[in-house]
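To keep things clear, I will list the structure first and then write my remarks on it.
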Amino acid sequence: MSTKRKFKSDAFESIHASATALHRVGTIDKATMKDFDALAFVELPAIKPAQIKQLREKNRVQPACVCTLFEHQ
């Protein structure tokens, strides 16, 4: 299952879309595309499993619901 990544801004989303199109036609190589990815997407903080469990229990949320939330980030 593919997750939708969040862009830093609408401008970054547009630039990334253009870079993706250029990559598909072979104008941009894979390494350059990875650079665009690193610049365009929001970096999510790492969360330890114990923190997830603590939040889940505190808010009385089932594990399956938490998984669904993380899939849609």
Side-chain angles (χ1 to χ4, degrees):
M1 173 180 275
S2 175
T3 59
K4 185 172 180 173
R5 297 173 73 182
K6 187 172 181 168
F7 291 96
K8 290 180 180 177
S9 69
D10 291 340
F12 275 113
E13 186 173 6
S14 296
I15 293 166
H16 190 270
S18 297
T20 300
L22 291 171
H23 177 65
R24 284 188 188 135
V25 297
T27 307
I28 292 178
D29 64 359
K30 191 173 186 176
T32 304
M33 195 62 218
K34 284 186 178 184
D35 290 339
F36 275 103
D37 287 346
L39 291 171
F41 293 114
V42 172
E43 191 69 32
L44 297 176
I47 301 175
K48 295 180 181 180
Q51 291 172 308
I52 295 170
K53 183 177 180 182
Q54 181 183 19
L55 286 170
R56 183 181 61 77
E57 289 174 349
K58 178 182 174 184
N59 294 292
R60 295 191 222 169
V61 178
Q62 295 293 324
C65 294
V66 174
C67 290
T68 302
L69 292 172
F70 280 117
E71 289 174 358
H72 295 288
Q73 291 297 316

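When side chains are defined from C-beta on, Met33 counts as touching His16, because their heavy atoms get closer than 4.5 Å.
For the 3.5 Å distance criterion, the side chains of Asp29 and Thr32 qualify, holding a donor opposite an acceptor.
The 12-atom threshold is not exceeded at CG of Asp10, counting heavy atoms of other residues, nucleotides or ligands nearer than 6.0 Å. Counted within 6.0 Å of CD on Glu57, heavy atoms from surrounding residues, nucleotides or ligands total more than 12; the atom is thus considered enclosed.
In this structure, the separation between OG1 on Thr27 and CG on Leu22 is 5.0 Å, given to the nearest 0.5 Å. Going from atom OG1 of Thr20 over to atom CD of Glu13 covers 10.5 Å, rounded to the nearest 0.5 Å. Taking CZ of Phe7 as the reference point, atom CG of Leu39 lies at 12.0 Å (rounded to 0.5 Å). Going from atom OG of Ser18 over to atom CD1 of Ile28 covers 9.0 Å, rounded to the nearest 0.5 Å.
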Side-chain donor/acceptor pairs under 3.5 Å, residues 44-55, sequence neighbours excluded:
unit_1, atom_1, unit_2, atom_2, d
Gln51, OE1, Lys48, N, 2.8

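Under the 6.0 Å cut-off for aromatic ring centres, Phe36 and His23 do not qualify, their centroids lying 6.0 Å or more apart.
Not one N or O on the side chain of Lys6 forms a donor-acceptor pair closer than 3.5 Å with the backbone of Phe41.
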